[in-house]
Amino acid sequence: MEKAINSVLISGAANGIGAACVEKFIEQGCRYIIALDRDEASLKAMQLRYADGDIIFIAIAADLTGQAYFSKLASALEPLTQLEALVLSHGVADENEINERDTFMRVMDVNVNSCQSIIAQCEAKLDKGSAVLFMSSILGKMGNHRNTAYCSSKHAQLGMMKGLAMDWARHGIRVNAILPCYVDTPLLRKELQKQADMVGSTLDQVMRKAKKRIPMRSYVQSSDVADSAYFLCSQQARMITAQSLIIDGGSSCGG
Ligand SMILES: NC(=O)c1ccc[n+]([C@@H]2O[C@H](COP(=O)([O-])OP(=O)(O)OC[C@H]3O[C@@H](n4cnc5c(N)ncnc54)[C@H](O)[C@@H]3O)[C@@H](O)[C@H]2O)c1
């Protein structure tokens, strides 16, 4: 049987894809989980659910664009000889026009700059066999209306992923990205709700219409993404690095 991943740090752990990753890693036998998110209430609920028996679940509630959490993260990492997996799943998808500098900078700060900070904080604990995973987006490869900030940030994540993969390949540390699309999470529903409001429709109607554009005629579930996230961090993927895996039910190919 394949050796379980023993330790993981997951950002954006409180909701959506990050929360599904927490569940998947625990289900697969991971027993040391560091969960980062600014959603304190959901993180606390998660901690109550999981911090039991032999699971060490360290929840750090923080806005990851700041540095206030650095000392808590250092303490959480301290007992580990190695952090085996680092999954970066926090993110925001605010729309913008190109002249809206505040939104642009904020999205870049959350989606890109904070990834650099987290990775840098973890670097000393990453070693041969460790894996880093970015949760980018299909918009890391494509464009979209009123989305220059988000598209730029998701393209930038792929740049960081590839550069880091080259820097760390010789140390046996792998770096990959997942490019999801149409994953039924709070983030997607928030975006589709905006579209519904714009055309005077309901979220349900917009979701039904959008589903017809997915060739597999089904929304991607967070657990689908978590399954691939675990695989990419596991030793089954030991020769896979600098890659981008699209999970979109076929949407980016055609309809
Ligand atoms: N849902 C989709 O269809 C979809 C598609 C493409 C890419 N993605 C990407 O997948 C990742 C996860 O998305 P999701 O759908 O699970 O979203 P989500 O909104 O359900 O979860 C994102 C989490 O990130 C946290 N977060 C946001 N900003 C933060 C900050 N500054 N500090 C700390 N925590 C912060 C939120 O609190 C939330 O718990 C994101 O990077 C997103 O861009 C999602």
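Values below: every heavy atom of this structure, side chains too, minus hydrogens, waters and symmetry copies. Every number for a ligand or one of its atoms is a count from 1 in the order of the listing.
The closest protein non-hydrogen atom to atom 19 (O) of ligand 1 is L187 CB, 3.3 Å. Nearest non-hydrogen protein atom to atom 9 (C) of ligand 1 is S136 O, 3.6 Å. Of all protein heavy atoms, the one lying nearest to atom 34 (N) of ligand 1 is R38 N, 3.2 Å. Closest to atom 32 (N) of ligand 1, if we only count protein heavy atoms, is L64 N, 2.9 Å. Looking at atom 3 (O) of ligand 1, its nearest protein heavy atom turns out to be V183 N, 2.8 Å. Of the protein's heavy atoms, D63 OD1, 3.0 Å lies nearest to atom 31 (N) of ligand 1. Nearest protein heavy-atom contact of atom 16 (O) of ligand 1 is I17 N, 2.8 Å. Summary of contacts: the protein heavy atom closest to atom 36 (C) of ligand 1 is D37 OD1, 3.4 Å.
Residue S137 holds its OG atom at 12.0 Å from CD1 of I247, rounded to the nearest 0.5 Å. The CD atom of E191 sits 5.5 Å away from atom CD of E95, with the distance rounded to the nearest 0.5 Å.
Open room surrounds NZ on K190; 12 or fewer heavy atoms of other groups in view lie less than 6.0 Å from it. The neighbour count for K211 NZ, taken as heavy atoms of other residues, nucleotides or ligands under 6.0 Å away, does not exceed 12. In the displayed structure, E40 atom CD is contacted under 6.0 Å by at most 12 heavy atoms of other residues, nucleotides or ligands. Taking a 6.0 Å sphere around CZ of R238, one finds it holds 12 or fewer heavy atoms contributed by other residues, nucleotides or ligands.
With a heavy-atom cut-off of 4.0 Å, Y150 touches ligand 1 through its side chain alone. Residue-level proximity to ligand 1 for A13 is absent, since no heavy atom of it falls below 4.0 angstrom. By the criterion of a heavy-atom distance under 4.0 Å, the side chain of V110, and not its backbone, is placed next to ligand 1. At a heavy-atom cutoff of 4.0 Å, ligand 1 is contacted by the backbone of A62 but not by its side chain.
Of all the listed residues (S89, G16, A61, G18), S89 holds the heavy atom that lies closest to atom 40 (C) of ligand 1. Compare R106, M135, H90 by their heavy atoms: the one nearest to atom 10 (O) of ligand 1 is in M135.
Each of the atoms 6 (C), 7 (C) of ligand 1 lies under 4.0 Å from some heavy atom of S137. Within the listing of ligand 1, atoms 3 (O) sit less than 4.0 angstrom from a heavy atom of Y182.
Here's the thing with K154: one of its N/O atoms is less than 3.5 angstrom from an N/O atom of ligand 1. Some N or O of T185 is nearer than 3.5 Å to an N or O of ligand 1, by distance alone.
Salt-bridge check for R38 with D63: failed, with every basic side-chain N at 4.0 Å or more from each acidic carboxylate O. With salt bridges taken as basic N to acidic carboxylate O contacts below 4.0 Å, none links K128 and E84. Electrostatic pairing of E97 and R146 counts as a salt bridge here, judged by a charged N lying under 4.0 Å from a carboxylate O.
Formation of a donor-acceptor pair under 3.5 Å by the R174 side chain with backbone atoms of T241 is not found in this model.
Close to ligand 1: P186, with a non-hydrogen atom less than 4.0 angstrom away.
For the residue pair N96 / T103, no side-chain donor-acceptor distance below 3.5 Å is found, with atom types taken as modelled.
At a threshold of 4.5 Å between side-chain heavy atoms, the hydrophobic network of Ile, Leu, Val, Met, Phe, Trp and Tyr places M161 and I17 in two separate groups.
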